Amino acid sequence: MTNRLKNKIALVTGAARGIGQSIAESFVQEGAQVIITDIDDAPGKVLAKTLGKGTEYYHLDVSQESHWEALMKTLKEKFGRLDILVNNAGIIGFGGHFGPQNPEECALADWNAVHKINMDGTFLGCKYGIGLMKKHGGSIINMSSRSGVVGIPHAVAYASSKAAIRNHTKSVALYCAEKNYGIRCNSIHPAAILTPMWDAMLGTGPSRAKNLKNIERDIPLKRMGTPQEVAHLAVFLASDEAVYMTGAEFTIDGGILAGASAAPTTE
């Protein structure tokens, strides 16, 4: 522990597993008091208990404005402020009741469902986060994706929502700077990070290893990233080391966006 976030109050959405869980764990290790939120209550409560004193869990459906209003009221009464907000909660739209996600066959209901969580959830997080941060300043970190920078033919709702998050981050950053709120807002753009979100695409059994190998083959660093590696970046952006950084986007993808995978050979 280096206490880079000592005495800071942090809220992380979608923190019951995956990248959100790793961010919550890293924030606690760096001295922050962390509010874990999710709709998956059981693992969220277990995580809060595991991380110990100073960590609390609250049920939060990020797409519901009433949930944000109630939670922010609670935090204001309890802490009087919020220093760090990570809008991490999101869905990709694969598996379960979702149908095809290509631009020809994607159902409007599926399109709306993905945007409601990813885009509306981030909008509401920023809206209410600003309200609780503006007297003291703070850091808002929005989780976008590589998919918010390039087209994804078979995940059009997800790509569109992440592109919206990328742009909204810049608008929030400029607005807060204009108002002299002392609030920074930046976006993280992960790609090929091995989390449970990949389960529907990788499958199970022998095919999983083969599918994973095929994906890693096109990553310049030849491996998928870990949630902990994304968490390290989040810690930096949340800390006072990044006080002159706002409206920026940070890619963490093993080099995927650096260029084409079909590079010329040396032969």
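Note that the structure is predicted; figures quoted are calculated from it, not measured.
- In this structure, Glu249 and Arg166 have side chains that are in contact, with non-hydrogen atoms separated by less than 4.5 Å.
- For the atom pair CD1 (Ile36) and CG (Leu11), the distance works out to 10.0 Å, reported to the nearest 0.5 Å.
- In this structure, Ser22 and Gln228 approach most closely via the heavy-atom pair OG-NE2, 3.5 Å.
- Atom-to-atom distance recorded for Ile35:CD1 and Thr55:OG1 is 8.5 Å, nearest 0.5 angstrom.
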Practice item. Please lay out, stage by stage, how Thr169 and Asn142 fare under the test side chain to side chain donor-acceptor pair (under 3.5 Å). Key: CA-CA 7 Å; Thr169 296; Asn142 293 330; 3.0 Å; yes

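- Counting only N and O atoms by type, the side chains of Ser160 and His115 include a donor and acceptor under 3.5 Å apart.
- Under a hydrophobic clustering in which Ile, Leu, Val, Met, Phe, Trp and Tyr are joined whenever their side-chain heavy atoms come within less than 4.5 Å, directly or via other members, Met119 and Val149 fall into different clusters.
- Remark: side-chain polar atoms of Asp40 are not paired, donor with acceptor, to backbone N or O of Ala16 under 3.5 angstrom.
- In terms of modelled atom types and a separation under 3.5 Å, the side chain of His189 and the main chain of Thr251 share no donor-acceptor contact.
- In this structure, Asp110 contributes its side chain and Cys106 its backbone to no donor-acceptor pair below 3.5 Å.
- Proximity of a side-chain donor or acceptor of Asn118 to a complementary backbone N or O of Ser161 within less than 3.5 Å is not detected.
- Applying the 6.0 Å contact sphere to NZ of Lys127 captures no more than 12 heavy atoms from other residues, nucleotides or ligands.
- Checked by atom type and distance alone, the side chain of Asp253 pairs as donor or acceptor with a backbone atom of Leu257 at under 3.5 Å.
- Side chain to side chain, Glu30 and Thr2 meet the donor-acceptor criterion of an N or O pair below 3.5 Å.
- More than 12 heavy atoms of other residues, nucleotides or ligands sit less than 6.0 Å from atom CG of Leu212.
- Side-chain contact between Tyr128 and Glu65: present, with at least one pair of heavy atoms (C-beta onward) separated by less than 4.5 Å.
- In this structure, CG in Leu202 is found 5.0 Å from CZ in Arg208, a value given to the nearest 0.5 Å.
- Distance check: Met245 CE to Phe236 CZ gives 4.5 Å after rounding to the nearest 0.5 Å.
- Defined by atom type and a distance below 3.5 Å, a donor-acceptor pair is missing between the side-chain atoms of Asn87 and Thr122.
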Review point. Under the salt bridge (Lys or Arg N to Asp or Glu O under 4.0 Å) criterion, do Asp240 and Lys8 qualify, and how do the steps go?
Key: CA-CA 11 Å; Asp240 293 339; Lys8 292 186 182 294; 3.2 Å; yes

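- Using modelled atom types, no side-chain atom of Lys76 and backbone atom of Leu132 make a donor-acceptor pair closer than 3.5 Å.
- Between the side chains of Gln21 and Glu25, at least one donor N or O lies within less than 3.5 Å of an accepting N or O.
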Exercise for review: Show the numbers, then the answer: is there a salt bridge (Lys or Arg N to Asp or Glu O under 4.0 Å) between Arg223 and Glu229?
Suggested key: CA-CA 13 Å; Arg223 69 172 177 85; Glu229 288 167 328; 2.7 Å; yes

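- Contact check for Ile256 versus Pro220: side-chain heavy atoms found under the 4.5 Å cut-off.
- Looking at Asn186, its side chain never comes within 3.5 Å of a backbone N or O of Phe250 through a donor-acceptor pair.
- Linking Ile, Leu, Val, Met, Phe, Trp and Tyr whenever their side-chain heavy atoms come within less than 4.5 Å puts Ile117 and Tyr58 in one cluster.
- Side-chain contact check for Ser63 and Asp61: at least one donor-acceptor pair (N or O, by modelled atom type) lies under 3.5 Å.
- Once rounded to the nearest 0.5 Å, the distance linking CH2 of Trp68 with OG1 of Thr37 reads 6.0 Å.
- Residues Lys162 and Ile165 are in side-chain contact: their nearest non-hydrogen atoms beyond the backbone lie under 4.5 Å apart.
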Practice item. Give the C-alpha distance, both sets of side-chain angles, the deciding distance and a yes or no for side chain to side chain contact (heavy atoms under 4.5 Å, CB included) between Leu82 and Met72. Key: CA-CA 9 Å; Leu82 182 65; Met72 289 305 182; 4.1 Å; yes

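- The closest side-chain heavy-atom distance from Pro190 to Met143 is below 4.5 Å.
- Hydrophobic cluster membership is shared by Ile130 and Phe79, with clusters built from Ile, Leu, Val, Met, Phe, Trp and Tyr side chains linked at under 4.5 angstrom.
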Exercise for review: Begin with the C-alpha distance, continue with both residues' side-chain angles, and end with the deciding distance and a verdict on side chain to side chain contact (heavy atoms under 4.5 Å, CB included) for Ile193 and Met224.
Suggested key: CA-CA 6 Å; Ile193 305 298; Met224 293 191 75; 6.0 Å; no

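- In terms of modelled atom types and a separation under 3.5 Å, the side chain of Ser239 and the main chain of Leu5 share no donor-acceptor contact.
- In terms of heavy-atom proximity, Trp111 sits nearest to Val156 at CZ3-O, 3.8 Å.
- In this structure, the side chain of Asn102 does not engage the main chain of His154 through any donor-acceptor pair within 3.5 Å.
- Under the 3.5 Å distance criterion, with hydrogens and angles disregarded, a donor-acceptor pair is assigned to the side chains of His59 and Asp41.
- Closest heavy-atom contact between Pro227 and Ile19: CB-CA, 4.0 Å.
- Under a hydrophobic clustering in which Ile, Leu, Val, Met, Phe, Trp and Tyr are joined whenever their side-chain heavy atoms come within less than 4.5 Å, directly or via other members, Tyr181 and Phe123 fall into the same cluster.
- With Lys6 contributing its side chain and Gly31 its backbone, the two residues share no donor-acceptor pair below 3.5 Å.
- With rounding to the nearest 0.5 angstrom, the CD1 atom of Ile140 is 10.0 Å from the CZ atom of Arg184.
- Side-chain atoms of Thr13 and Leu60, non-hydrogen and from C-beta on, do get closer than 4.5 Å to each other.
- The hydrophobic clustering, which links ILVMFWY residues whose side-chain heavy atoms are closer than 4.5 Å, places Ile152 and Ile91 apart.
- Annotation: side chain of Val62 is not in contact with side chain of Leu124 (no heavy-atom distance under 4.5 Å).
- Shortest non-hydrogen contact noted between Asn7 and Arg81 is O-NH2, 2.6 Å.
- When all heavy atoms of Ala159 and Val150 are compared, the pair lying nearest together is CB-O, 4.4 Å.
- Residues Gln101 and Phe94 form a side-chain contact, since some pair of their non-hydrogen atoms from C-beta on lies under 4.5 Å apart.
- Residue Tyr57 comes nearest to Asp38 through the heavy atom pair OH-O, 2.9 Å, listed as atom of the first residue, atom of the second, then distance.
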Point to revise | Worked verdict on Ile92 versus Val114 for side chain to side chain contact (heavy atoms under 4.5 Å, CB included) | key: CA-CA 7 Å; Ile92 195 167; Val114 172; over 6 Å; no

Practice item. Using the side chain to side chain contact (heavy atoms under 4.5 Å, CB included) rule, take Tyr175 and Ile183 through it: C-alpha gap first, then chi angles, then the decisive distance, then the call. Key: CA-CA 9 Å; Tyr175 173 80; Ile183 299 173; over 6 Å; no

